[in-house]
Amino acid sequence: MPRPKVKHTEEYLDIKAGRFRIYFYKRYKLITTVNDLLIGLFFGVGSVLNLFTVTSIYGKSLYICGSVLLGSRPILRNYA
């Protein structure tokens, strides 16, 4: 699979991977999108891991990571 091509200008960030192309008008929009995806991933996987006694410590750790990322959203919003 070829590497995605990234074009960075002052106005936008253009990521092209095969037939797909994604535009981000500011770099911080990309950062906030990745942050939101990680929050969902951490809370989703943490919920599943908390269902089992053996893996509950990992689930709690993911909850803490998700909470830290959730707390960073207002800071990122100021720069977006």
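Owing to the predicted nature of the structure, the values given are computational and were not obtained by experimental measurement. Heavy atoms only: backbone and side chains are in, while hydrogens, waters and symmetry mates are out.
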* Structure fact -> Heavy atoms of Leu69 and Phe42 approach each other most closely as CD1-CE1, 3.6 Å
* To do: Name all pairs fulfilling the salt bridge (charged side-chain N to carboxylate O under 4.0 Å, His left out) condition that reach into residues 60-72, sequence neighbours left out, sorted by first residue then second.
  => none
* Pick from Val68, Leu70, Val34: which one makes a side chain to side chain contact (heavy atoms under 4.5 Å, CB included) with Ile39? -> Leu70
* Using the rule that two of Ile, Leu, Val, Met, Phe, Trp, Tyr join whenever any of their side-chain heavy atoms come within less than 4.5 Å, decide whether Ile64 and Leu62 are in one cluster. => no
* To do: Verify side-chain contact (heavy atoms from CB on, under 4.5 Å) between Arg73 and Thr32, making sure each step is shown before the conclusion.
  => CA-CA 7 Å; Arg73 288 184 76 201; Thr32 56; over 6 Å; no
* More than 12 non-hydrogen atoms from neighbouring residues, nucleotides or ligands closer than 6.0 Å to CD1 on Ile57, yes or no? -> no
* Asked: When rounded to the nearest 0.5 angstrom, what distance separates CD1 in Ile75 from CG in Asn35?
  -> 10.0 Å
Just distance, no hydrogens or angles: give the donor-acceptor pairs under 3.5 Å from side chains in residues 44-56, sequence neighbours left out.
| residue | atom | partner | partner atom | Å |
| --- | --- | --- | --- | --- |
| Ser47 | OG | Phe43 | O | 2.8 |
| Ser47 | OG | Tyr63 | OH | 3.0 |
| Asn50 | ND2 | Gly46 | O | 3.3 |
| Thr55 | OG1 | Leu49 | O | 2.8 |
| Ser56 | OG | Thr53 | O | 3.3 |

